[in-house]
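Heads up, the thing below is written out as structure tokens.
Each chain gets a letter, A, B and so on, in the order its sequence line appears, and its residues count up from 1. No hydrogens, no waters, no symmetry mates; every other heavy atom, side chains included, goes into these values.
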There are 2 protein chains.
Amino acid sequence: MLMEKHTAFETEITRAGEFAPALSLGSLFQAQPAETLGSGKALFWEGDPTNHLFEIAEGVIRLYRIIGEGRRVITAFLFPGDIVGASLQDRYLYTAEAVTDCRIRRIGRKTFHDEVSRSPCLRPDLIALLCRETAAAHDQMVLLSKKNAEERLCSFLHDLLRRGPAGAEEIGAVSLPMSRLDIADYLGLTIETVSRTITKLANRGVLTPVGRHEIRILQPRRLAHLSGDGRDGASLH
Amino acid sequence: MLMEKHTAFETEITRAGEFAPALSLGSLFQAQPAETLGSGKALFWEGDPTNHLFEIAEGVIRLYRIIGEGRRVITAFLFPGDIVGASLQDRYLYTAEAVTDCRIRRIGRKTFHDEVSRSPCLRPDLIALLCRETAAAHDQMVLLSKKNAEERLCSFLHDLLRRGPAGAEEIGAVSLPMSRLDIADYLGLTIETVSRTITKLANRGVLTPVGRHEIRILQPRRLAHLSGDGRDGASLH
DNA sequence: CGACTAGTTGACATGAATCAAAACCTGTGG
DNA sequence: CCACAGGTTTTGATTCATGTCAACTAGTCG
């Protein structure tokens, strides 16, 4: 996923086994003023010329494409610390829209490339960023291609749990700022199926919904198992 | 897709509206001896350290991941001129296997990065390559997430037609070196559904199968329409 | 507090998966 | 050159997961 940890941009200890956030690249944005973007507003549209790269300072962004009549595919959610635009050429391939009120910083595409060219130490970070995007895209293809509704939901929640604020993982708190429709369009399902699947997992004691925008994971290991990512299909008790 | 045109690597006129192949990057491989890889043999395995980048000189390669019991997801097919490995860090994220007998060239990862660092003119090509991979991944997510069996098949054939040898497009000839199972695992369907969908399209006069490994497209415009990529759902008579 | 939208639940429809069998290529040996 | 053996592909019958349509419920925000 394009999702990073919900972290600030300063140098920070990353938890073992995780990708290090693109801190050095993030520092390019530091000097820029933060702009605000109200919930539901677009940061850019699919097809717009890619004049800028953005870093999310606060809030959540969805990236999506529309095909045909009313079919929307959300390809990623972006969280604080994430950067969007690095893997694009002349045109944006998707629309970016604020899920919640956001604060973002931007730099010009040309400036970005110049900076990366000038300081060779940024290049590994850029490569790492692009690799993470690629890896996320591959995971999503696997999810969409071979996982059932339950596995999709569990993968999604498991991801949010791992990438959420460090303290929250311990108590199993996952915040879901996006709507059920957003989740559905991200997972290739319908709202109804998302809703039913959450209910089913709640009945089985894997999790409990807390209001509309939070879920408490009661059995994190079981959740990980149900996400279908393990090397085998062994059941957990 | 990671699919490029079936072209040699020299400078070449590309057809209007297409991405220019990464010619300059390809030239890095020119000096290397071509290795042969028999059909069905692996070029590398998911999880192997990424010591090399490869360029396909001849033949077709499939990239795939396995999840759980026997679920295989083909994330891309590679054709002559394509390069694999540029968007990877320390480990391959997928297995690469020869669909047909192949000839390939390799260069070391370090050499590759050194060369790109040394000659700034290669950098735009690398970026273009990564962008194409990203764009292909996004298209595939849309396909897997929102398209039905017929749209998937048509998208796939349409792609092969566009990217196939220049002469073949005129007569609507699409060669399918891969098995039905490969196609199914690429499109997120089963062999039976792939087969049935081809039959249905044949009955409607959109195409005719020619043996097992070729399909003649009779109505290319209709095929494009059925792929569901258009901005609207308007029907073609 | 009340109205509106988002989410849940239920009944039913359907496209694709599954299971099973027949037809078709492909390559091999007589 | 033909027959046969192997796997691959096609076709058919049935099942099942998820989508669709519709009603109900519960958050949320003024």
Report, as a single string ordered 5' to 3', how protein heavy atoms within less than 4.0 Å touch nucleotides 5-10 of chain D: B base, S sugar-phosphate only, - not at all.
-> --BBSB
Test side chain to side chain donor-acceptor pair (under 3.5 Å) applied to A:Glu97 - qualifying residues, sequence neighbours left out | A:Arg62, A:Tyr64
Can you check nucleotides 16-18 of chain D for protein contacts, nitrogen or oxygen pairs under 3.5 Å, and list what you find?
| residue | atom | partner | partner atom | Å |
| --- | --- | --- | --- | --- |
| D:dT18 | OP1 | A:Ala149 | N | 2.9 |

List for me each residue that meets side-chain contact (heavy atoms from CB on, under 4.5 Å) alongside B:Thr199, sequence neighbours excluded, and say none if there are none.
-> B:Asn203
Sequence neighbours excluded, which residues qualify as side-chain contact (heavy atoms from CB on, under 4.5 Å) partners of B:Pro33?
-> none
Note the angle between the end axes of the helix from C:dC1-D:dG30 to C:dC24-D:dG7, five pairs defining each, rounded to 10 degrees.
-> 50°
Between A:Lys146 and B:Asp185, is the closest basic N to carboxylate O distance under 4.0 Å?
-> yes
Partner set under side-chain contact (heavy atoms from CB on, under 4.5 Å) for B:Arg91, not counting sequence neighbours = B:Pro49
Go through DNA chain C in 5' to 3' direction and return only the first and the last nucleotide with some atom under 4.0 Å of chain A's heavy atoms.
-> C:dA6 to C:dA11
Excluding sequence neighbours, so at least two apart, what forms side-chain contact (heavy atoms from CB on, under 4.5 Å) with B:Ala224?
-> B:His158
Side chain to side chain donor-acceptor pair (under 3.5 Å) filter on B:Thr95, not counting sequence neighbours, yields none
For residues 191-201 of chain A, which residue pairs qualify under salt bridge (Lys or Arg N to Asp or Glu O under 4.0 Å), counting only residues two or more places apart or in two chains?
-> A:Glu150-A:Lys200
Could you label the plane-to-plane angle of the B:Tyr94 and A:His138 rings as parallel, tilted or perpendicular, counting under 30° as parallel and over 60° as perpendicular?
-> parallel
Distance flag, aromatic centroids of A:Phe44 and A:Phe54, threshold under 6.0 Å | yes
Flag the pair A:Arg106 and A:Glu35 as a salt bridge only when some basic side-chain nitrogen lies within less than 4.0 angstrom of an acidic carboxylate oxygen.
-> yes
Can you name the side chain to side chain donor-acceptor pair (under 3.5 Å) partners of A:Gln32, sequence neighbours left out?
-> none
